[in-house]
Amino acid sequence: MSTTPEPGTLAPATIAVAAGRPAREQGGHVNPSVPMNSTYVSRGVVTPDELSYARGDNDAWHPFEEALAALEDGGAGTARRADGDASGPGAAATAILFSSGMAAVAAAFSLVPDGGTLVLPRHAYQAGMVLARQISERHGVTLRYVDIADTDAVVAALDGADLLLVESPTNPMLEVADLPAVLGAARAAGVRSVVDNTFATPLGQRPLEHGADVVLHSVTKYLAGHSDVVLGALVTRDAALAATLRDHRTLHGAIAGPFEAWLALRGLRTLALRFERAQTNAAELARRLADHPEVAEVRHPSLPGDPGHERAKAQMTGFGAIIGVRPRPRPGSADDVAARADAVVDAVRLWLPATSLGGVESMLERRRRWGTEATTVPEDLLRLSVGIEDVEDLWVDLDRALRA
């Protein structure tokens, strides 16, 4: 049985280290073990809080679920794992670990009934958008795309909707939603809301505090933080909703492996240090890129001129570590803008050309190389995931690639 401090008494950076530890017993373990079980000793009628079969519930997941719930909880009380029984605005949060971020997305989208309506950002994680289109085709779900930074447009789209998906900042355009406004409007309209908090992490913002029904994470990214696991998670304060999402995980077999869950918890312990360093690096690189002669446009909420700056400053504790960059086309060059961006990717030596983000290593890619990316994303947009390396080394490599 692990122990989780009350979130209201500790800073988030401390919770990331302290939550989900084993009970403090003489000679006991400091870290949770990796229980390798597919089933458990069980007799008689099975109760919801009993471990019986590892697909339905698994003690390998509990420490990470408790720690993540505590981080997203924002002081509501001691976080509970996925079989908690409290609900309502003051209830403790429940976290549910999934086999991947996409498994968590699929569980969230399952809340939209056949023939229902899903409101979603025009720019968001592209695999999730592909799944939304498939759901629309197969189940008659109406998709309403909105500019998530346009609060009036979001509120207008909520009429008769069943679910609102929010990304803030968005992937890869870094648009910032007015979370209190759009989530408050959704709750007033009786529309469930899901906020993808992958970019911001619980250290950057806690959407439950702004009225979100569900918070979504690709645990693969910042939470695990080392580019070595694929996991996802959902967090909610609604006990009935948690039970529904947990049932989806069980019946669809979208379960995490014990060792992956353990690795994610180990990664979570250093989240505050990694994220602070990555954000600091990103802000400095964005500042320099904004003055670079070979750069046409930079997006990062830390920049005073960025469209999302004031909103992010008001509702976030930090600006994140993702940067959007568009290289300046060469004067008189016959090359198209995509080729110019690809040339930058080919020229870097320290930055890694890769499609993920949130690891300790810095990565970059041209997003429109994916045929499923939104066509409103510029062909030459480079998404930079800034890591924890020395910022001067990162700058020298990026500057050289832009000028090459």
Side-chain angles (χ1 to χ4, degrees), residues 105 108-109 112 116-133 135-136 141-189 191-200 204-205 207 210-216 218 286 296-316 319-320 322-326 357 366-368 370 372-383:
V105 171
F109 283 177
V112 183
T117 298
L118 170 62
V119 179
L120 65 170
R122 60 176 178 165
H123 300 132
Y125 177 50
Q126 53 94 17
M129 299 301 98
V130 172
L131 179 60
R133 291 193 292 271
I135 292 172
S136 175
V141 171
T142 299
L143 304 180
R144 294 179 185 166
Y145 294 97
V146 294
D147 176 354
I148 207 68
D150 185 339
T151 303
D152 291 340
V154 176
V155 173
L158 294 173
D159 185 32
D162 297 283
L163 186 72
L164 167 66
L165 174 69
V166 178
E167 271 194 10
S168 183
T170 60
N171 182 4
M173 296 298 289
L174 298 173
E175 297 137 331
V176 179
D178 185 338
L179 290 182
V182 299
L183 297 177
R187 187 169 291 275
V191 178
R192 278 178 171 158
S193 58
V194 176
V195 178
D196 189 332
N197 206 28
T198 299
F199 273 22
Q205 65 190 12
H210 297 301
D213 292 303
V214 181
V215 176
L216 167 70
S218 174
E297 182 181 2
V298 182
R299 288 299 304 267
H300 190 257
S302 69
L303 297 172
D306 188 88
H309 175 72
E310 292 301 325
R311 191 174 282 173
K313 187 168 68 171
Q315 68 189 26
M316 297 177 69
F319 298 108
I322 304 296
I323 303 174
V325 177
R326 300 179 66 187
L357 58 97
R366 184 175 68 86
R367 285 303 301 169
R368 284 291 297 280
W370 295 91
T372 51
E373 186 60 271
T375 57
T376 48
V377 172
E379 283 279 5
D380 57 349
L381 178 72
L382 297 173
R383 186 186 69 187

(request) Specify the closest pair of heavy atoms between A181 and T151, including all atoms of both residues, with the distance to one decimal. (result) CB-CG2, 3.8 Å

(request) For the pair S136 (side chain) and V141 (backbone), establish whether a donor and an acceptor sit closer than 3.5 Å, ignoring hydrogens and angles. (result) yes

(message) If only side-chain N and O atoms count, and only distance matters, is there a donor-acceptor pair under 3.5 Å linking H210 with Q315?
(response) no

(request) Spell out, as yes or no, whether a donor-acceptor pair under 3.5 Å connects the side chain of H123 to the backbone of E373. (result) no

(message) As an exercise, state the distance from CZ of F199 to CD1 of I322, rounded to the nearest 0.5 Å.
(response) 4.5 Å

(request) Kindly give the heavy-atom pair with the smallest separation between G116 and D162, and that separation in Å. (result) CA-OD2, 3.1 Å

(request) For residues L165 and L163, determine if any side-chain heavy atom of one lies less than 4.5 Å from a side-chain heavy atom of the other. (result) no

(request) Look up atom OG in S302 and atom NE2 in H309, then write down how far apart they are to the nearest 0.5 Å. (result) 8.0 Å

(message) Quick test of your reading of the model: are R368 and E379 salt-bridged, counting only N-O distances below 4.0 Å?
(response) yes

(request) For P169 and M316, work out which heavy atoms get closest and say how close. (result) CD-CE, 4.1 Å

(request) Using a 4.5 Å cut-off on heavy atoms from C-beta on, say whether the side chain of I148 contacts that of V146. (result) yes

(message) Quick one, R383 and V377 - any side-chain contact, counting heavy atoms below 4.5 Å?
(response) no

(message) For T372, give me all partners under side chain to side chain contact (heavy atoms under 4.5 Å, CB included), at least two apart in sequence or on another chain.
(response) Q126, V130, R133, W370

(request) Say whether, by atom type as modelled, one donor and one acceptor occur between the side chain of T198 and the main chain of S218 under 3.5 angstrom. (result) yes

(request) Could you please spell out the steps behind the side chain to side chain donor-acceptor pair (under 3.5 Å) verdict for R367 and N171? (result) CA-CA 10 Å; R367 285 303 301 169; N171 182 4; 4.6 Å; no

(message) With a 4.5 Å cut-off on side-chain heavy atoms, are R299 and D306 touching?
(response) yes

(request) Report yes if some heavy atom in the side chain of L131 is under 4.5 Å from a heavy atom in the side chain of V105; otherwise report no. (result) yes

(request) Among residues two or more places apart or on two chains, list those pairs meeting side chain to side chain donor-acceptor pair (under 3.5 Å) that have a residue in residues 177-189. (result) R187-D213

(request) Would you mind reporting whether V298 and L303 have side-chain heavy atoms less than 4.5 Å apart? (result) yes

(request) For V182 and L158, work out which heavy atoms get closest and say how close. (result) O-CD1, 4.3 Å

(request) Report the distance from atom CG of L381 to atom CE of M173, rounding to the nearest 0.5 Å. (result) 6.0 Å

(request) May I ask you to test the V214-R192 pair for a side-chain heavy-atom distance under 4.5 Å? (result) no

(request) Quick one: which residue pairs count as a salt bridge (charged side-chain N to carboxylate O under 4.0 Å, His left out) with a foot in residues 146-159, not counting sequence neighbours? (result) R122-D147

(message) Rounded to the nearest 0.5 Å, what separates atom CG in L174 from atom CD1 in I323?
(response) 9.0 Å

(message) Restricting to non-hydrogen atoms, name the atom on A185 and the atom on V155 that form the minimum distance, rounded to 0.1 Å.
(response) CB-CG2, 3.7 Å

(message) Using every non-hydrogen atom in the two residues, find where S193 and A186 come nearest and quote the distance to one decimal.
(response) CB-CB, 4.4 Å

(request) Report yes if the side chains of Y125 and E167 come closer than 4.5 Å at any heavy-atom pair, otherwise no. (result) yes

